[in-house]
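Taking it in order: structure first as structure tokens, then the write-up.
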Amino acid sequence: MYKIGVIGDQDSILGFKAIGMSVFPAEDWERAGEILEQLARENYAVVYITEQIAKDMGDIIDRYKDSLMPAIILIPSNQGSLGIGMRNVKKSVERAIGADILFRDA
Amino acid sequence: MDILNVNPTRMEMAKLKKRLAVARRGHKLLKDKRDELMKIFLDVVRKNKELREQVEELLTKAHQSFLVARAVMSVPVLEEALMFPKQTVELSVKTANLMSVTVPRFSYAASVPQSDDADAALEWDIFPYGFATTSSDLDASMQILASALPLMLELAESEKSAQLLAQEIEKTRRRVNALEHVLIPQLTETIRYITMKLEENERGNITRMMKVKDMMLEQMYRYRERM
């Protein structure tokens with residue numbers, strides 16, 4: 001059985017604990033990176049990371065981009081969405097097609 | 001375009017022609033693969049975009065309620081309330097094959113004590129705390145989070161699929177381009193070079209034969225002396 005992890009600042013992720021996810025509070029991106037690497041070794045299939053922390057972790061997150069697991073998904077923190085998650089979707093469109101045809105009007 | 005470094009012989013040419021046929025076939029197949037992948041990718045990424053919008057909206061709402069709850073409750077009480085979650089989520093991962101790209105399929109089983117009425121279960125059973133000491137904003141936040149859970153998993157599934165598909169498309173496109181712009185022109189050029197070289201040899205041969213024939217006739221009949 002696989003587990004779901006959430007990494008982020010304490011206040012943003014505490015709620016996820018109640019719906020059965022494992023939460024890992026991290027104050028800075030270095031700590032978050034360590035946690036992420038540890039979770040990737042254990043059987044975590046999905047790891048949600050708040051954008052607030054993920055914005056400095058590009059390299060570490062990109063490392064898992066092409067592997068099947070874990071799926072790293074950015075979620076907005078309690079300070080609102082930074083639009084990084086959406087930008088990543090856009091990036092994968094650009095990577096695949098060479099031009100952005102989905103978000104043109106956005 | 002550079003030609004390959006080969007001996008201009010019929011053997012080599014036959015070999016190159018075979019390679020060219022394989023390259024053309026591979027090119028066509030890869031092109032078809034790329035087009036099909038692109039079609040699937042666009043579907044997936046469109047869904048991905050929609051899901052992301054929904055999830056971000058839901059989570060923002062949940063965070064708002066949570067912030068209010070945190071403001072009215074003291075931190076120890078809040079942490080105590082959420083310390084022992086009632087619901088545990090067991091995730092099982094299967095893989096699906098989209099055009100030979102392995103993508104994950106998540107399905108989850110929430111081990112919450114289920115009552116017969118699904119709505120009632122969702123409404124009551126996720127709360128790991130009593131209602132006496134907690135704020136109602138916390139309840140609202142929990143409820144939104146619980147309803148966001150299936151969407152979040154769907155988002156994870158489609159976002160990962162989109163990433164993996166994007167990678168595969170990039171790889172396939174590189175291969176198509178390499179075949180189209182490097183290997184196939186190189187092979188055709190080399191075959192042309194060998195054909196011309198062979199024809200040239202043939203012409204050289206014919207001239208030589210004619211010359212030899214002339215010389216033989218000359219020897220036999222001594223034309224020059226009769227003139």
Side-chain angles (χ1 to χ4, degrees), chain A residues 1-6 8 10-23 43-48 50-51 61-62 64-83 85-98 100-103 106, chain B residues 37-38 41-42 45-46 48-49 52-53 55-56 59-60 62-64 66-67 70 78-79 81-83 85-93 95 102-104 106 108 110-112 126-129 138 141-142 145-146 148-149 152-153 155-157 159-160 162-167 169-170 173:
Chain A
M1 271 301 148
Y2 295 94
K3 287 179 277 185
I4 307 171
V6 189
Q10 177 87 18
D11 285 345
S12 298
I13 62 173
L14 201 56
F16 292 106
K17 195 171 176 183
I19 55 170
M21 301 179 180
S22 323
V23 299
N43 55 347
Y44 281 85
V46 186
V47 179
Y48 296 99
T50 59
E51 287 180 343
I61 292 174
D62 281 348
Y64 300 101
K65 207 173 199 170
D66 295 339
S67 55
L68 189 61
M69 278 194 290
I72 297 169
I73 309 300
L74 304 191
I75 52 171
S77 72
N78 60 5
Q79 284 154 39
S81 169
L82 297 174
M86 208 46 120
R87 216 176 304 147
N88 283 350
V89 179
K90 201 172 145 175
K91 255 190 222 157
S92 64
V93 176
E94 278 166 5
R95 187 178 177 191
I97 298 172
D100 178 16
I101 58 168
L102 205 61
F103 294 83
Chain B
L37 274 174
M38 209 79 107
F41 175 77
L42 281 180
V45 93
R46 244 179 230 128
N48 184 353
K49 186 177 172 229
R52 182 159 271 286
E53 276 160 4
V55 166
E56 285 190 358
L59 289 186
T60 312
H63 281 317
Q64 277 165 3
F66 195 81
L67 274 181
R70 209 182 69 105
L78 182 66
E79 277 178 14
L82 299 171
M83 195 178 276
K86 226 185 208 176
Q87 171 171 293
T88 53
V89 177
E90 295 264 283
L91 191 64
S92 60
V93 181
T95 55
T102 319
V103 298
F106 299 127
Y108 74 103
S111 66
V112 70
I126 57 163
F127 305 119
Y129 47 83
L138 188 61
S141 171
M142 289 301 109
L145 281 182
L149 178 65
M152 282 173 76
L153 285 175
L155 173 71
E157 189 180 296
E159 197 151 312
K160 193 80 212 174
Q163 282 169 7
L164 292 170
L165 280 169
Q167 183 212 1
I169 289 175
E170 199 188 20
R173 204 180 48 209

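Letters A, B, ... mirror the listed sequences (proteins, then strands); counts begin at 1.
- A distance-only check finds a donor-acceptor pair linking the side chain of B:Arg173 to the backbone of A:Ala96 [under 3.5 Å].
- For the pair A:Ile4 and B:Leu153, the minimum side-chain heavy-atom distance is below 4.5 Å.
- Both the backbone and the side chain of B:Leu145 come within contact range of chain A, each with at least one heavy atom under 4.5 Å from a heavy atom of that chain.
- Other residues, nucleotides and ligands contribute over 12 non-hydrogen atoms within 6.0 Å of the OH atom of A:Tyr64.
- Per-residue heavy-atom pair counts under 4.5 Å with chain B were compared for A:Ile72, A:Ile97, A:Asn43, and the maximum is reached by A:Ile97.
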- Task: Quick one: do B:Arg52 and A:Leu74 satisfy side-chain contact (heavy atoms from CB on, under 4.5 Å)? Show the steps, please.
- Result: CA-CA 10 Å; B:Arg52 182 159 271 286; A:Leu74 304 191; 4.2 Å; yes

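- B:Lys160 places a side-chain N or O within donor-acceptor distance of the main-chain N or O of A:Ser67, the cut-off being under 3.5 Å.
- Using a 4.5 Å cut-off between heavy atoms, A:Phe16 contacts chain B through both its backbone and its side chain.
- Residue with the most contacts toward chain A among B:Leu91, B:Thr60, B:Ile169: B:Leu91 (heavy-atom pairs, distance under 4.5 Å).
- A distance of 8.0 Å separates CE in A:Met86 from CG in B:Asn48, rounded to the nearest 0.5 Å.
- For the options A:Ala45, A:Pro76, A:Ser22, heavy-atom pairs under 4.5 Å to chain B are most numerous at A:Pro76.
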- Message: Working note: A:Val93 + B:Phe41, criterion side-chain contact (heavy atoms from CB on, under 4.5 Å); need CA distance, chi angles, decisive distance, verdict.
- Response: CA-CA 8 Å; A:Val93 176; B:Phe41 175 77; 4.3 Å; yes

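- At a threshold of 4.5 Å between non-hydrogen side-chain atoms, the residues A:Ile75 and B:Met152 count as touching.
- What you find for A:Val46 and B:Ala156 is that their closest heavy atoms are CG1-CB, 3.6 Å.
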- Item | Stepwise side-chain contact (heavy atoms from CB on, under 4.5 Å) test for A:Lys90 and B:Lys49 | CA-CA 9 Å; A:Lys90 201 172 145 175; B:Lys49 186 177 172 229; over 6 Å; no

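- If you tally non-hydrogen atom pairs under 4.5 Å between each of B:Ala162, B:Ala148, B:Ala166, B:Ser92 and chain A, the highest count goes to B:Ala166.
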- Item | Step-by-step side-chain contact (heavy atoms from CB on, under 4.5 Å) determination, A:Asn88 to B:Gln163 | CA-CA 9 Å; A:Asn88 283 350; B:Gln163 282 169 7; 5.5 Å; no

